[in-house]
There are 2 protein chains.
Amino acid sequence: MALEEIIATLRARGYRITLPRRQTLQILLRAHSHLTCEQVHQRLVAQGLDVDEATTYRTLQWLKENGIIAQTDLGLGADVYSLIDSPLHHHLVCLRCGRISEISDSLFEPIRRQVRERYHFEPRIEHWAIFGICAECQSNEKGKIEPGNHGESGE
Amino acid sequence: MALEEIIATLRARGYRITLPRRQTLQILLRAHSHLTCEQVHQRLVAQGLDVDEATTYRTLQWLKENGIIAQTDLGLGADVYSLIDSPLHHHLVCLRCGRISEISDSLFEPIRRQVRERYHFEPRIEHWAIFGICAECQSNEKGKIEPGNHGESGE
DNA sequence: CTACATGCAAATCCTTTGCATCCAC
DNA sequence: GTGGATGCAAAGGATTTGCATGTAG
């Protein structure tokens with residue numbers, strides 16, 4: 001979906017289109033990846049827009065409520081925000097090394113269908129993180145935190 | 001898994017078994033559901049154990065690192081902690097009314113398998129929340145936040 | 001005994017909020 | 001003109017941390 005198209009939709013819903021809102025949206029459209037609020041804010045400032053970070057939080061919240069972007073916890077401390085555009089994608093996050101990789105949305109289709117059919121629940125699975133251990137860390141430190149294994153220290 | 005069995009495992013890993021640790025574990029074993037750190041702490045105090053909440057956070061962290069419990073964000077503000085015991089279960093959380101319902105782990109088996117096979121990634125899907133709109137809210141306020149629909153206000 | 005766990009209190013840090021001002025419509 | 005959006009600054013609240021003390025092994 002193009003910028004002006006989204007803008008028009010939001011305007012049609014009765015919202016006011018301000019410069020902070022327009023530019024925030026533009027940044028997310030161009031990003032092609034997820035960004036923290038802080039990162040979005042930094043880019044806004046870099047573009048010469050003297051906007052407050054609280055406003056950026058409010059704008060992101062608003063875009064989320066309007067189904068334009070998704071909010072995700074990737075274990076980075078701060079949540080990330082990303083455009084909901086097709087094709088959807090999700091992430092694998094390694095609990096050991098922190099590496100984040102991308103996975104296809106197709107894996108989630110079965111679970112979406114079953115949740116709809118069996119529970120009559122409409123799932124919003126737009127940008128997810130699956131935590132676990134990546135291939136590399138599996139070979140490096142086999143099942144270090146597996147229950148039943150023998151670890152060594154509290155940290 | 002029984003209390004003493006878990007204790008023995010942890011002791012074998014070289015950890016010290018203190019009263020706060022033993023009783024925290026006991027509370028989680030008896031709970032048969034998820035609890036926030038605050039709730040765990042309250043129960044510890046109610047049992048007459050004058051433990052600090054910071055210690056409770058540390059204990060929960062430790063149990064998590066040792067694969068005994070899972071930590072989940074159910075959208076309640078604070079994360080919840082629950083024993084990893086079979087059969088696993090997960091939750092549907094309604095974004096409208098907040099209702100939380102339980103779903104079977106079997107829905108997740110396909111995605112676990114595919115993540116393992118296709119990405120050689122070992123997923124830790126122990127206690128998840130799927131956010132979305134429950135059946136009741138769907139009929140009450142059809143697709144209020146669907147992209148493409150016409151909502152009304154910022155709040 | 002000695003290192004690890006705890007108590008206490010303060011700090012962190014993401015996120016939200018109150019209120020006066022401003023501006024999109 | 002008017003109500004919604006923003007700036008500013010401060011609060012909020014879950015979680016973490018530093019350090020002295022206590023205690024499990």
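Letters go in sequence order (proteins before strands), and every chain restarts at 1.
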inquiry  = Quick check for you: to the nearest 0.5 Å, what is the distance between B/Q71 atom CD and A/F131 atom CZ?
reply    = 10.0 Å

request  = Check the surroundings of atom CD in A/Q47: do more than 12 heavy atoms from other residues, nucleotides or ligands lie under 6.0 Å from it?
outcome  = yes

request  = Treat each ILVMFWY residue as a node, draw an edge where side-chain heavy atoms are under 4.5 Å apart, and state whether A/Y81 and A/L29 are in one component.
outcome  = yes

key: Contact residues, residues 31-57 of chain A to DNA chain D [heavy atom, < 4.0 Å]   = A/D50, A/V51, A/D52, A/A54, A/T55

message = I need the residues from residues 16-23 of chain A with at least one non-hydrogen atom less than 4.0 Å from DNA chain D; give them sorted by number, or say none.
response = A/R16, A/T18, A/P20, A/R21

[atom1] of [X] versus [atom2] of [N]: gap in Å, rounded?
| X | N | atom1 | atom2 | value |
| --- | --- | --- | --- | --- |
| B/Y81 | D/dA14 | OH | P | 12 Å |
| B/L10 | C/dC4 | CG | P | 16 Å |
| A/R13 | D/dG4 | CZ | C1' | 17 Å |
| B/I7 | D/dA24 | CD1 | C1' | 13 Å |
| B/D73 | D/dT15 | CG | C1' | 14 Å |
| A/Q61 | C/dC14 | CD | P | 17 Å |

Salt bridge (charged side-chain N to carboxylate O under 4.0 Å, His left out) pairs, two or more places apart, involving residues 15-41 of chain A = A/E4-A/R22

task = Keeping the roles fixed (side chain from A/T72, backbone from A/H127), state whether a donor-acceptor pair exists under 3.5 Å.
result = yes

query = Less than 4.0 Å between a side-chain N and a carboxylate O, is that true for A/D52 and A/R58?
reply = no

query = Would B/S101 and B/C134 count as a side chain to side chain contact (heavy atoms under 4.5 Å, CB included) if you check the C-alpha gap in whole Å, the side-chain angles of each, and the deciding distance to 0.1 Å?
reply = CA-CA 9 Å; B/S101 56; B/C134 72; over 6 Å; no

key: Nearest heavy-atom neighbours spanning A/G75 and A/D73   = N-OD1, 2.7 Å

inquiry  = Is there, by distance only and without an angle test, a donor paired with an acceptor across the side chain of A/R58 and the base of D/dG4 below 3.5 Å?
reply    = no

